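Excluded from the calculations below are hydrogen atoms, water molecules and symmetry mates; all remaining heavy atoms, backbone and side chain alike, are included. None of the values given here were measured: they were computed from a predicted structure.
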Amino acid sequence: KREWVLESVIRYIKVIGGASGREGVLIGLKNGSVYEVFVNNPFPILLISNIQGSVRCLDLSMTKRKLAVVDEKNTCLVYDLKTKELLFKENNANSVAFNTEMEDMLCFSGNGMLSIKTGNYPTHHQKLKGSIVGFNGAKIFCMHNLTMSPIDVPQSASLYRYLEDRNFDKSYQVACL
């Protein structure tokens with residue numbers, strides 16, 4: 001029914017769902033632009049265009065306010081989509097996923113390590129082989145070789161950081177994961 005013509009080759013695509021007949025996808029291009037496309041809209045929506053190099057992986061936070069992108073230089077970049085401000089940057093990433101239950105939590109993998117970033121706190125690392133494809137609650141879904149594995153990850157580091165700051169609402173939210 002519909003065709004979209006973009007200015008560069010598509011490098012990564014992720015289904016973000018939506019109401020029936022209005023489903024959407026995120027599209028990362030080789031030139032570093034990221035678009036959101038809805039099947040009922042003839043015009044793609046430009047989200048970010050200032051990424052240096054090709055998009056390797058991307059994800060949208062649960063409220064669709066933040067965008068995480070891994071570029072061809074293995075850099076994980078997180079943007080606020082309202083202000084277009086870069087919120088977070090870290091090297092050695094090959095895949096990224098936001099937590100589907102907590103806006104300020106994401107994970108990325110690269111160089112045999114899993115990294116979990118919560119809020120403005122330092123990143124927590126642990127060993128992991130494979131690429132991240134999803135993050136729901138305290139479970140990360142990892143693809144290694146031909147196997148998809150759910151991996152339970154402890155959230156105690158994030159919980160204790162919120163408790164130290166006396167942010168009991170966020171610490172309770174993490175504990176419920």
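Hydrophobic clustering, with ILVMFWY side chains joined whenever heavy atoms are under 4.5 angstrom apart, groups L46 together with V25. L60 and F88 are assigned to two separate hydrophobic clusters, defined by single-linkage of ILVMFWY side chains at heavy-atom distances under 4.5 Å. In this structure, V153 is a member of the same hydrophobic cluster as L177, with clusters built from ILVMFWY side-chain heavy atoms closer than 4.5 Å. Hydrophobic clustering (ILVMFWY, side-chain heavy atoms < 4.5 Å, transitive): Y172 and M62 are in distinct clusters. Two different hydrophobic clusters hold L114 and V78 under the rule that ILVMFWY side chains link at heavy-atom gaps under 4.5 Å.
Contact check for V96 versus L106: side-chain heavy atoms found under the 4.5 Å cut-off. For the pair L81 and I48, the minimum side-chain heavy-atom distance is below 4.5 Å. Taking the side chain as every heavy atom from C-beta outward, L29 and L6 approach each other to under 4.5 Å. Taking the side chain as every heavy atom from C-beta outward, N50 and K84 never approach each other to under 4.5 Å. The side-chain heavy atoms of I116 and M105, taken from C-beta on, include a pair separated by under 4.5 Å. Taking the side chain as every heavy atom from C-beta outward, I140 and P150 never approach each other to under 4.5 Å. Looking at heavy atoms from C-beta onward, E23 lies out of side-chain contact with V15 at the 4.5 angstrom threshold. Taking 4.5 Å as the limit, some side-chain heavy atom of F168 sits within range of a side-chain heavy atom of L163.
W4 approaches P44 most closely through the heavy-atom pair CD1-CD, 3.7 Å. Contact between F98 and L67 at its shortest, heavy atoms only, is CE1-C, 4.1 Å. Listed here is the closest heavy atom pair of G32 and I51: O-CB, 3.3 Å. Closest non-hydrogen pair, S171 versus L159, comes out as O-CD1, 3.0 Å.
Summarising the geometry, atom CD belonging to Q155 is positioned 12.5 Å from atom OH belonging to Y160; distances are rounded to the nearest 0.5 Å. Taken from CD in E101 to NZ in K139, the straight-line distance is 11.0 Å, to the nearest 0.5 Å. We find the CD-OG1 distance between Q52 and T75 to be 10.5 Å, quoted to the nearest 0.5 Å. A distance of 13.5 Å separates CD1 of I13 from CZ of R11, quoted to the nearest 0.5 Å. Note that the OH atom of Y35 and the CG atom of L26 stand 13.5 Å from one another [nearest 0.5 Å]. To the nearest 0.5 Å, atom CE of residue M143 and atom CE of residue M148 are 4.5 Å apart.
For the pair R2 (side chain) and V39 (backbone), a donor-acceptor distance under 3.5 Å is present. Although no hydrogens or angles enter the test, the distance criterion places a donor-acceptor pair under 3.5 Å between the side chain of N167 and the main chain of K170. Side-chain atoms of R161 come within 3.5 Å of backbone atoms of P122 as a donor-acceptor pair (strictly under, hydrogens ignored). In terms of modelled atom types and a separation under 3.5 Å, the side chain of E103 and the main chain of T63 share a donor-acceptor contact. Without hydrogens or angle criteria, N136 side chain to T100 main chain gives no donor-acceptor distance under 3.5 Å.
Side chain to side chain, D165 and Y121 meet the donor-acceptor criterion of an N or O pair below 3.5 Å. A donor atom on one side chain and an acceptor atom on the other are not found under 3.5 Å apart for S54 and D71. Side-chain atoms of N92 and N111 include a donor-acceptor pair closer than 3.5 Å. Looking at T123 and S115, their side chains never bring a donor and an acceptor atom within 3.5 Å of each other. Donor-acceptor pairing under 3.5 Å is recorded for the side chains of S33 and N31.
Annotation for N120: atom CG does not count as buried by contact number, only 12 or fewer foreign heavy atoms lying within 6.0 Å. In the displayed structure, K30 atom NZ is contacted under 6.0 Å by at most 12 heavy atoms of other residues, nucleotides or ligands.
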* **Worked verdict on I27 versus K14 for side-chain contact (heavy atoms from CB on, under 4.5 Å)** => CA-CA 7 Å; I27 298 174; K14 180 168 182 121; over 6 Å; no
* To do: Take S109 and N94, measure what side chain to side chain donor-acceptor pair (under 3.5 Å) needs, and give me the verdict at the end.
  => CA-CA 6 Å; S109 65; N94 62 21; 3.1 Å; yes
* Asked: Are S95 and V70 close enough, and set up right, to give a side-chain contact (heavy atoms from CB on, under 4.5 Å), and what steps lead you there?
  -> CA-CA 6 Å; S95 60; V70 175; 5.8 Å; no
* Candidate pair F108 and E90, rule side-chain contact (heavy atoms from CB on, under 4.5 Å), full reasoning -> CA-CA 10 Å; F108 55 95; E90 181 132 353; 3.7 Å; yes
* To do: Run the numbers on Y12 and I10 for side-chain contact (heavy atoms from CB on, under 4.5 Å), then give the verdict.
  => CA-CA 6 Å; Y12 191 85; I10 295 173; 6.0 Å; no
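Ion pairing between K66 and D80 fails under the 4.0 Å rule for side-chain N and carboxylate O.
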